[in-house]
Amino acid sequence: MLPYQNIQEAEEAHGRALSFAEKLWFRYSAHKPDYILHYHNIIFLMLFYTLAPLPYVFIGLGWFKNMDKYKIQPKVKDSFSNMFKCYKNVMGSFLLVVGPLQVISYPTIQWIGIRTSLPLPSLWEVFLQIMVYFIIEDFGNYWIHRLLHSKWGYEKIHRIHHEYAAPIGLAAPYAHWAEILILGIPAFLAPAMVPGHIVTYWLWFILRQMEAIETHSGYNFPWSPSKYIPFYGGAEYHDYHHYVGEQSQSNFASVFTYCDYIYGTDKGYRYRKQALEKLAKQRQEDEGRREEKRKSL
């Protein structure tokens, strides 16, 4: 809730005219308690979880046949019933696990300094904070994920997430309730270490959710903008982790590839990728020789 009665009073307090975005923020948030703004986060999570995977759902259901060539595990077919079952389970987890967690975490949000006040952060500030959040979360997620692949961690908790050996976008947050809580620690730790505006806080969780959906999509699109992000793992990288399953000791990082590279947990993936590239090159050369032979006849 902002301590101003109107925009004019806010402008006088800041000694300048409010920007267009700040005026919008004032009109929306001025008379809403901070805890209500904080609870928006669960609404955004549910909304973007529902909307962001839809293109992958339509492709998986065969609406766009020309996209099948980009499926990483083409032999695995998706069904609407399986997708809807996954969606219901995840939404249940959001309501029964993430929702209550959002409610009880509000005092912590206040304590670490997530603000709702004016001025709004600049785009540059938002960009830098989001980048720091991704780096912090990726490092923490890497080590927790490795622990979840211990014998006890996998059998008791993590195996549920690996029910999808060929992942789909809807299965990004599909997991045991304990895993949702545990992996939420590094996601929350990032803004706790570098607190900012609640708009940045919302955007962080939205982008992290959308990144996880793309990573679990099961499709490797060559035009994806994320391919231009340095050290980004992406769908093909994480798909290998699901493909190997319980025995996987590779590709633990959630976003980037440098932790796996530094700690030597990407060797299986790199070896397999090199072998497949070599095989594809050999097939291409064999086809070229056969074509030349046909022409000579």
Side-chain angles (χ1 to χ4, degrees), residues 40-64 67-68 70-73 76-80 82-95 97-99 102 130-131 133-134 137-138 141-142 144-145 158 160-177 179-180 183-184 186-188 190 201-229 231-243 251-257:
H40 279 41
N41 208 34
I42 184 62
I43 298 173
F44 290 140
L45 283 176
M46 296 172 71
L47 177 64
F48 280 88
Y49 171 71
T50 300
L51 298 179
L54 285 179
Y56 303 113
V57 170
F58 297 146
I59 294 170
L61 293 176
W63 288 24
F64 305 98
M67 296 295 181
D68 289 347
Y70 301 116
K71 189 169 177 61
I72 301 170
Q73 298 187 49
V76 180
K77 303 300 180 182
D78 303 318
S79 67
F80 177 78
N82 182 50
M83 293 179 183
F84 188 62
K85 178 183 177 182
C86 178
Y87 176 79
K88 288 193 299 181
N89 285 334
V90 171
M91 290 297 279
S93 296
F94 281 166
L95 289 172
V97 180
V98 181
Q102 289 287 319
I130 293 293
M131 283 304 302
Y133 293 174
F134 269 111
E137 192 275 345
D138 184 68
N141 186 288
Y142 172 85
I144 293 175
H145 195 179
H158 194 49
I160 293 178
H161 183 65
H162 274 271
E163 288 178 8
Y164 288 88
I168 58 175
L170 288 167
Y174 178 82
H176 191 285
W177 65 267
E179 180 170 344
I180 294 173
L183 290 180
F188 181 76
Y201 183 76
W202 290 343
L203 183 61
W204 154 237
F205 283 101
I206 291 170
L207 290 176
R208 180 64 183 90
Q209 177 84 312
M210 294 181 70
E211 182 278 329
I213 289 169
E214 184 199 27
T215 299
H216 289 81
S217 68
Y219 290 88
N220 185 26
F221 297 124
W223 60 78
S224 175
S226 61
K227 288 187 176 292
Y228 298 97
I229 300 175
F231 308 109
Y232 184 74
E236 183 185 25
Y237 189 81
H238 192 69
D239 198 278
Y240 173 79
H241 178 82
H242 277 261
Y243 175 76
N251 299 17
F252 292 111
S254 59
V255 182
F256 303 109
T257 60

TODO: Dump the intermediate steps for side chain to side chain donor-acceptor pair (under 3.5 Å) on Tyr232 and Glu214, then the final yes or no.
DONE: CA-CA 12 Å; Tyr232 184 74; Glu214 184 199 27; 2.7 Å; yes
Open item on the list: Quick one, Thr50 with Tyr87, criterion side chain to side chain donor-acceptor pair (under 3.5 Å). Give me CA distance, side-chain angles, the key distance, then yes/no.
Closed with: CA-CA 8 Å; Thr50 300; Tyr87 176 79; 2.9 Å; yes
TODO: Test Lys77 against Asn82 for side chain to side chain donor-acceptor pair (under 3.5 Å), laying out the working first.
DONE: CA-CA 10 Å; Lys77 303 300 180 182; Asn82 182 50; over 6 Å; no
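Atom CD1 in Ile213 sits 7.5 Å away from atom OH in Tyr49 (nearest 0.5 Å). The distance from atom OH of Tyr164 to atom SG of Cys86, rounded to the nearest 0.5 Å, is 4.0 Å.
In this structure, the side-chain contact (heavy atoms from CB on, under 4.5 Å) partners of Asp68, at least two apart in sequence or on a different chain, are Lys65. In this structure, the salt bridge (charged side-chain N to carboxylate O under 4.0 Å, His left out) partners of Glu211, at least two apart in sequence or on a different chain, are Arg208.
For Tyr174 against Asn89, the heavy-atom pair with the smallest separation is CE1-ND2, 3.5 Å.
A salt bridge links Lys71 and Asp78; the closest N-O separation between the charged side-chain nitrogens and carboxylate oxygens is under 4.0 Å.
Between the side chain of Asn251 and the backbone N or O of His238, no donor-acceptor pair lies under 3.5 Å.
You'll find the ring centres of Phe221 and Tyr70 inside the 6.0 Å limit. Residues His158 and His176 keep their aromatic ring centres 6.0 Å or farther apart. Taking the six-membered ring where the residue is Trp, the centroids of His145 and His161 are separated by 6.0 Å or more.
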